[in-house]
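Only heavy atoms go into these numbers, but all of them, side chains included; no hydrogens, no water, no symmetry mates. Labels below follow one simple rule: chain letters A, B, ... track the order of the sequence lines, proteins then strands, and each chain is numbered from 1.
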2 protein chains.
Amino acid sequence: MIVQTPCRLCPLRDSGAFSPNTDAEIEFIQAMLTRQVKVKAGSPILHEGHDSKELYTLLSGWVFRYGSLYDGRRQIFNFLLPGDFIGLQHQLGQAAPHGVDALTDVTLCVFPRERMWDLYRNHPALGYDITWLCAHEEWMVDENLLSVGRRSAAERIAMLLIHLYKRAERIGLVGPEGLPFPLTQQHLADALGLSLVHTNKTLKRLQAAGLYSLIEGRLKLLNPAALARLADYYARPLRARPLI
Amino acid sequence: MIVQTPCRLCPLRDSGAFSPNTDAEIEFIQAMLTRQVKVKAGSPILHEGHDSKELYTLLSGWVFRYGSLYDGRRQIFNFLLPGDFIGLQHQLGQAAPHGVDALTDVTLCVFPRERMWDLYRNHPALGYDITWLCAHEEWMVDENLLSVGRRSAAERIAMLLIHLYKRAERIGLVGPEGLPFPLTQQHLADALGLSLVHTNKTLKRLQAAGLYSLIEGRLKLLNPAALARLADYYARPLRARPLI
DNA sequence: CGACTAGTTGAGCCGATTCAACCCCAGTGG
DNA sequence: CCACTGGGGTTGAATCGGCTCAACTAGTCG
């Protein structure tokens, strides 16, 4: 498949959420990019237990990372939004410790893993950025672990809704009608460490309490303050983040 | 405080668990090292909500990383053993999203954060290694999240015991009497997302079933196969890991 | 000798789970 | 055209794993 837009004109960079790169860096990224691929909603991107020779940047769409147990119990580790980087956790030649599935139709920028080394050598700033992205993702998993380990069902839901909303807002995904929200209740349950039924009931309770609305697949936070209080959510100062 | 041993002779490197570095790299690390510090068991190393200008490599002792909620509920994200790197998640000038406490008496190698940039520029391989360490730590948090989200109490405990034991074994911490095990039941509970009381009861059940023993602070896995089955644990192939 | 920390154990309760229906809607194929 | 199917969502009932409360032991430290 042909690359539609050159990295220089990457639509993500317009959102203002990402830190600028030098022309040389962008050129290098462009040269490293082997192709773009589209993946259908619901399809796997990386298989649990297989290795992959590629890394991806999520250009558009939603994706989630998960692990599972032999009997099918599944835990979603985190959700990835456009601009996020996929595949760092996989050591080359080693089985993937987790799976990655497309939540919506998705466009990916594909990078060969063996070029990574060139990146670190030729553009140390980009190497630094990749570490940043990795640390950032770990922070998100930490947050989720704190939720699953110590928050009640309602608190977990509040946290997840706020957090996803803020992230999406940052990259310009929130329109006047709210945020197009592709998660099913099963996804929520799997991310929160809850059962589907209990997720549903708690969701309804929060909705009835007027904390949020979800109409025609669009999420609105009707009472962000109450949600934040419930979740014990603190907004971290927003700053530009790297984009590879 | 004076640095006791030069990095070249770092005792950790003898365990065979770490990948070798070139002389130039080790020299660079040595030059970056500002000092070594000792921290008493139970003392904080990084404060939740404060920023730090330093990074650390854990030279000896055990440490844990945690987050907490306004009312004191605490979740331990992971435990760090000698050779692990501390402080990546903190953005410079940004409040730490988590705290790090010493579990035992601890020795740390201290690196100034502002030298990181030099490291990436002068020794891209070391930059690559740091990314590796970060990805590895994220993987451990993933594992823990899978436990807390989807495993039963007994399964969680089995998983944690095996995992800690294997990691400690790898770096030569396991002696003929077993593994010196510094965690209290409160630590276990906080790591597993369980209450102290329930952790205690489940622990006793597993012990009575002959799966492990913990005498005089030393852990032995009496029935590793049964533990692994219970936890749905798969050993990943062991390979040398970077050490900074 | 308190005072404090870590561990142990029982009783009762509750949040979350499982099981089981049922609804709505969008495909899809006869 | 309609019957059938499957995915997503909703709801009630019964159950249970894990929680809280509470009391008690053993060891250690000043």
Among [options], the one nearest [X] by side-chain distance:
X: Lys204(B); options: dT8(C), dG18(D), dA16(C); result: dT8(C)
X: Ser195(A); options: dT18(C), dC21(D), dG18(D); result: dT18(C)
X: Thr184(B); options: dG9(D), dT9(C), dA6(C); result: dA6(C)
X: Ser152(A); options: dA16(C), dT8(C), dG18(D); result: dA16(C)
X: Gln185(A); options: dA22(D), dG12(D), dT10(D); result: dT10(D)
X: Val197(B); options: dA22(D), dA20(C), dA16(C); result: dA22(D)

Within this structure, what is the [atom1]-to-[atom2] distance between [X] and [N], rounded to whole angstrom?
X: Arg156(A); N: dA16(C); atom1: CZ; atom2: C1'; answer: 9 Å
X: Leu183(A); N: dG7(D); atom1: CG; atom2: P; answer: 18 Å
X: Glu216(B); N: dG27(D); atom1: CD; atom2: C1'; answer: 13 Å
X: Leu214(B); N: dG7(C); atom1: CG; atom2: P; answer: 9 Å
X: Phe181(A); N: dG8(D); atom1: CZ; atom2: C1'; answer: 14 Å
X: Gln186(B); N: dC4(C); atom1: CD; atom2: P; answer: 18 Å
X: His187(B); N: dA6(C); atom1: NE2; atom2: P; answer: 8 Å
X: Asp190(A); N: dG9(D); atom1: CG; atom2: P; answer: 12 Å

Under 4.0 angstrom between Asn200(A) side-chain N/O and dT10(D) OP1 or OP2: yes

Within-4.5 Å side-chain heavy-atom neighbours: Phe77(A) and Leu146(B): yes

May I ask you to decide whether [X] forms a salt bridge with [Y], counting only side-chain N to carboxylate O separations under 4.0 Å?
X: Arg73(B); Y: Glu155(A); result: yes
X: Arg65(B); Y: Glu138(A); result: yes
X: Asp51(B); Y: Arg113(B); result: no

Touch class at under 4.0 angstrom, heavy-atom based, for Leu196(A) against every strand present: nothing

Sugar-phosphate, base or nothing in reach of Gly42(B), heavy atoms under 4.0 Å: nothing

Donor-acceptor pair present, Lys201(A) side chain and dG9(D) base, under 3.5 Å: no

Euclidean distance, Leu206(A) CG relative to Leu214(A) CG, rounded to 0.5 Å: 12.0 Å

